[in-house]
Amino acid sequence: TQCAGVVITGFAGATEAGWAVGDVLMPDKVVDLRHDEDGRDGPSYRPTLPVAAWRAQLGLRGGVLGTVAEVVVEPWDKAELGSRFGVAAVDLETAAVAAVATHDGVPWVAARVVLDPMDRPLAVVSPWHAAVMVMSVVGWSRLWRFTGELAVAQRQLGTEVGNVVEVMQHTLAT
């Protein structure tokens, strides 16, 4: 059986100024930057649902989301991606899910919550990295700040995904 619609959720790293931890991006377009050095020949996907109206209703922000092949940690790398490709944020998954949904004719929308603003490095990049930080007194403050920001982003993700799902259900039912 075919599903009625897909909400692609998770965290993203901001690639332009003005985004804070917990801000939600509901993109107008997703660009697949995983295999394309210049970002011009990779596929892109547009949600098949009325995202502009949903953003206005839910108070979310729009822009272009880029999907990259690996975690982008440093502020200068994030800023370079933003200016080079015109993306507001990057993640690791959305383009892949959007490609399958688009191919199968399943309506989709993305809602990504900013975990790391452009002007700050991503504090923890893996569970291994977190474990090493626990062992180092120097890393404790960074880890402590990250866990607080992660909690904010998780709460916002849970709230906004619930709101998006409600709006989607209403739209698909009518």
Side-chain angles (χ1 to χ4, degrees), residues 3 5-31 33-34 47 49 51-52 54-82 85 87-98 101 108-170:
C3 66
V6 174
V7 179
I8 308 166
T9 66
F11 300 118
T15 56
E16 58 184 24
W19 291 86
V21 172
D23 286 348
V24 181
L25 168 64
M26 183 180 279
D28 301 295
K29 180 167 92 169
V30 176
V31 180
L33 302 173
R34 293 174 298 167
L49 295 164
V51 294
W54 291 5
R55 277 196 312 264
Q57 180 179 347
L58 299 171
L60 306 179
R61 294 175 63 179
V64 177
L65 176 67
T67 294
V68 294
E70 56 191 48
V71 176
V72 182
V73 176
E74 297 301 334
W76 54 84
D77 291 330
K78 292 187 277 185
E80 196 268 332
L81 283 168
F85 299 116
V87 295
V90 293
D91 76 349
L92 300 174
E93 316 80 15
T94 300
V97 178
W108 66 273
V109 64
R112 304 302 290 202
V113 175
V114 171
L115 180 58
D116 53 311
M118 182 198 71
D119 60 345
R120 289 203 325 255
L122 181 60
V124 177
V125 297
S126 70
W128 173 252
H129 185 220
V132 169
M133 292 173 79
V134 166
M135 306 251 192
S136 163
V137 174
V138 176
W140 289 355
S141 65
R142 238 173 103 187
L143 186 58
W144 185 257
R145 186 183 83 212
F146 176 76
T147 57
E149 291 173 345
L150 179 60
V152 166
Q154 286 174 321
R155 276 193 304 276
Q156 190 67 4
L157 179 62
T159 299
E160 294 306 333
V161 168
N163 293 338
V164 171
V165 168
E166 283 182 28
V167 171
M168 178 185 243
Q169 286 175 329
H170 177 73

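Treat the numbers as computed from the prediction; the structure is a model and nothing was measured. Hydrogens, waters and symmetry mates are skipped; everything else that's a heavy atom, side chains included, is used.
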Just verifying a value: how many Å separate R112 CZ and L65 CG, rounded to the nearest 0.5 Å? 6.5 Å
Which atom of V68 lies closest to which atom of L92, heavy atoms considered: O-CD2, 3.4 Å
Donor-acceptor contact present, side-chain T15 to main-chain A88, <3.5 Å: yes
Quick one: closest heavy-atom pair of V152 and G22, and the distance? CG1-CA, 4.5 Å
Out of curiosity, T9 OG1 to E93 CD, how far, rounded to the nearest 0.5 Å? 9.0 Å
Indicate yes or no: at least one non-hydrogen side-chain atom of D23 is less than 4.5 angstrom from one of R61. yes
Rounded to the nearest 0.5 angstrom, the CH2-CD distance for W54 and E166 is 12.0 Å
Side chains of E80 and E74: does their closest heavy-atom pair fall under 4.5 Å? no
So CG of L49 and CE of M168: to nearest 0.5 Å the spacing works out to 4.5 Å
Do P121 and D116 touch side chain to side chain, with heavy atoms closer than 4.5 Å? no
Mind listing the closest non-hydrogen atom pair of V164 and A111 along with its distance? CG2-CB, 4.3 Å
With a 4.5 Å cut-off on side-chain heavy atoms, are V30 and W108 touching? yes
How close do P27 and P47 get, heavy atom to heavy atom, and via which atoms? O-CG, 3.4 Å
Rounded to the nearest 0.5 Å, how far does CG of L115 lie from CD of Q154? 8.5 Å
Heavy atoms only: give me the nearest E16-V87 pair and the separation to one decimal. OE1-O, 4.0 Å
Do the non-hydrogen side-chain atoms of L25 and L60 ever get within less than 4.5 Å of each other? no
Please report the shortest heavy-atom distance between W19 and P117, naming the atom on each side. O-CB, 3.4 Å
A side-chain contact here means heavy atoms from C-beta on lying under 4.5 Å apart; do K29 and V31 qualify? yes
Counting N and O atoms only, with roles assigned by atom type, does the side chain of K78 sit under 3.5 Å from a partner on the main chain of V90, one being a donor and the other an acceptor? no
Could you tell me whether the side chain of V114 reaches within less than 4.5 Å of the side chain of Q156, counting heavy atoms only? no
If you round to the nearest 0.5 Å, how far is OG1 of T67 from CG of L33? 7.5 Å
